[in-house]
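To start, the structure itself, in structure tokens.
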Amino acid sequence: MSAVNHTKLTHAMFILTGIPGQDNTHLWISIAFCFMYAISIVGNSFILFIVKTDPNLHEPMYIFLSLLAVTDFGLSIATIPTILGIYLFKSKEINLSACFAQLFFIHTLQCFESFILLLMAFDRFIAICNPLRYASILTLPRIPMMGLVCVLRGVVLMMPFPLLLKKYAYCRDNVLSHSYCLHQAVMQLACSDITVNYIYGIFTTLFTLGLDLLLILLSYVMILKTALSVASCKECLRALNTCVSHICAVLLFYTGEISLTAIHRSGVSSSHLLAILMGYVSLLVPPLMNPIIYSLKSKHLRASIIRVFSK
């Protein structure tokens, strides 16, 4: 009988949240978001075009970059409908199935991005610490296998999120804390015991973001150790310069993700606005900045771009 009552009380819709107290500036906010999305989509699409059409870029480093561009493109597409729906059309409602689908794609793509950044760190580690074996370790046939591992890990680990959330009744306040659906926000609205989700959420965070970041840091410790052991200061700086764009991408991604996770886990009500802003930073800034950073810092990519525009 209680199960029937819970079913009757379950909300059919969630209400998404914009920036509190900024209803009068929604038009200007929407213009800013449209501008960011346009740059993200065009920039990542252009990276894919350049890598695909230039045979000189058919190397592991740039293939990983193209995978990163695909992931960033996907993250932009996954969040466009709800974010622009709020600020352009004042459409704040989202049904449960659409919400669960969106959170699955967002978390899965973030898991992809974390793993791709790890692969890019591994690429730099081999290139600097063991350059003679670079061509034999990172062969082109192995790249698709690494991509497959990335996809399988993300899908397998994130699939339980929507499956677990579908089993709950949502009889509390149905207002979400972001302009899109996240597992951390949705599970807080369930009127059931969410211990399993809470524990599994911590596990996936540690096993994906935590483990990947730890391995990236270890790879850079080894890179720095190798670079400092080089006799020539010029060669040392040249080796480290190839890592600058990747370091920027790592900082952009993990700073936003770790900050947002910490805010959600703290449960402090006064940090609601901060959580909303950090949510936008974690999802919108990496896809926006990664193409710009790599275009500016990668000499070969920059040369390819110049050749395209000079034709």
Side-chain angles (χ1 to χ4, degrees), residues 28-54 56-80 83-84 87 106 109-121 123-124 127 150 179-180 209 212-213 216 220 223 237-260 277-311:
W28 297 108
I29 295 173
S30 67
I31 292 173
F33 280 140
C34 286
F35 185 68
M36 293 174 69
Y37 276 125
I39 294 177
S40 299
I41 292 173
V42 172
N44 286 295
S45 299
F46 193 66
I47 292 290
L48 290 172
F49 171 77
I50 293 294
V51 174
K52 178 176 172 34
T53 56
D54 191 340
N56 296 323
L57 300 181
H58 293 176
E59 300 176 359
M61 175 181 175
Y62 297 103
I63 295 174
F64 291 143
L65 176 59
S66 65
L67 292 176
L68 184 66
V70 170
T71 303
D72 285 339
F73 187 92
L75 275 172
S76 296
I77 297 299
T79 56
I80 278 178
I83 292 180
L84 293 187
Y87 294 105
I106 288 176
L109 289 166
Q110 287 177 326
C111 186
F112 289 174
E113 180 142 356
S114 179
F115 193 79
I116 293 168
L117 290 172
L118 174 59
L119 291 178
M120 297 174 85
D123 171 84
R124 292 299 83 207
C150 173
S179 305
Y180 45 84
L209 301 182
D212 293 347
L213 181 58
I216 290 171
Y220 272 105
I223 287 172
L237 292 175
R238 185 186 304 166
L240 292 177
N241 189 53
T242 64
C243 302
V244 171
S245 52
H246 179 256
I247 292 173
C248 291
V250 168
L251 290 175
L252 284 173
F253 178 74
Y254 285 102
T255 300
E257 286 300 306
I258 292 173
S259 300
L260 185 61
L277 296 178
M278 287 308 303
Y280 288 135
V281 169
S282 67
L283 281 181
L284 302 182
V285 173
L288 172 70
M289 295 303 300
N290 285 341
I292 297 173
I293 292 170
Y294 275 94
S295 297
L296 293 175
K297 295 302 297 180
S298 175
K299 181 175 67 175
H300 297 296
L301 184 63
R302 189 169 64 248
S304 297
I305 295 172
I306 293 172
R307 280 197 297 271
V308 169
F309 282 105
S310 61
K311 287 182 180 179

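Just so you know, these numbers come straight off a predicted model, no measurement behind them. Only heavy atoms go into these numbers, but all of them, side chains included; no hydrogens, no water, no symmetry mates. This chain uses plain numbering: 1 for the first residue, then up along the sequence.
From I116, atom CD1 reaches atom CG of L68 across 6.0 Å, with rounding to the nearest 0.5 Å. In this structure, the separation between CG on L283 and CG on L288 is 12.5 Å, given to the nearest 0.5 Å. Taking SG of C111 as the start and CD of E113 as the end, the distance is 11.0 Å to the nearest 0.5 Å. Rounding to the nearest 0.5 angstrom, the gap separating the CD1 atom in I47 from the NZ atom in K52 is 15.5 Å. Taken to the nearest 0.5 Å, the CG atom of N241 stands 10.0 Å off from the OG atom of S298. How far OG of S282 is from CG of L260: 5.0 Å, rounded to the nearest 0.5 Å.
Considering only heavy atoms from C-beta on, I223 comes within 4.5 Å of C243 through its side chain. Within the 4.5 Å cutoff, side-chain heavy atoms of P60 are placed close to those of F64. At a threshold of 4.5 Å between non-hydrogen side-chain atoms, the residues I29 and F33 count as touching. Annotation: side chain of N44 is not in contact with side chain of T71 (no heavy-atom distance under 4.5 Å). Residues F46 and I305 form a side-chain contact, since some pair of their non-hydrogen atoms from C-beta on lies under 4.5 Å apart. For the pair F112 and V70, the minimum side-chain heavy-atom distance is 4.5 Å or more. Side-chain contact between F253 and L209 is present, with at least one heavy-atom pair separated by less than 4.5 Å. At least one side-chain heavy atom of S179 sits less than 4.5 Å from a side-chain heavy atom of Y280.
C248 approaches I293 most closely through the heavy-atom pair CB-CD1, 3.7 Å. Here the closest heavy-atom approach between residue A78 and residue I106 is recorded as CB-CG1, 4.2 Å. Closest non-hydrogen pair, S40 versus S76, comes out as CB-OG, 3.7 Å. Residue V51 comes nearest to S66 through the heavy atom pair CG1-CB, 4.2 Å, listed as atom of the first residue, atom of the second, then distance.
Counting only distance, with no hydrogens or angles, the side chain of D123 and the backbone of L119 share no donor-acceptor pair below 3.5 Å. A distance-only check finds no donor-acceptor pair linking the side chain of D212 to the backbone of L117 [under 3.5 Å]. No side-chain donor-acceptor contact under 3.5 Å links S45 to the backbone of V42. Between the side chain of S259 and the backbone N or O of G256 there is no donor-acceptor pair closer than 3.5 Å. Remark: side-chain polar atoms of N290 are paired, donor with acceptor, to backbone N or O of P286 under 3.5 angstrom. For Y294 (side chain) and A249 (main-chain N/O), no donor-acceptor pair under 3.5 Å exists by modelled atom type.
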Worked check of side chain to side chain contact (heavy atoms under 4.5 Å, CB included) between L57 and L65:
CA-CA 10 Å; L57 300 181; L65 176 59; over 6 Å; no

Does the pair L284 and Y37 meet the rule for a side chain to side chain contact (heavy atoms under 4.5 Å, CB included), with working shown?
CA-CA 8 Å; L284 302 182; Y37 276 125; 3.4 Å; yes

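In this pair, H300 and Y62 present their aromatic rings perpendicular. The plane angle is above 60°, beyond the 30 to 60° band.
Under the side-chain hydrogen bond (donor to acceptor under 3.5 Å, both in side chains) criterion, the residue pairs touching residues 242-258 are Q110-E257, S114-Y254, R124-T242, Y220-H246, with sequence neighbours excluded.
Judged by distance alone, the side chains of S310 and R307 never bring a donor and an acceptor atom under 3.5 Å apart.
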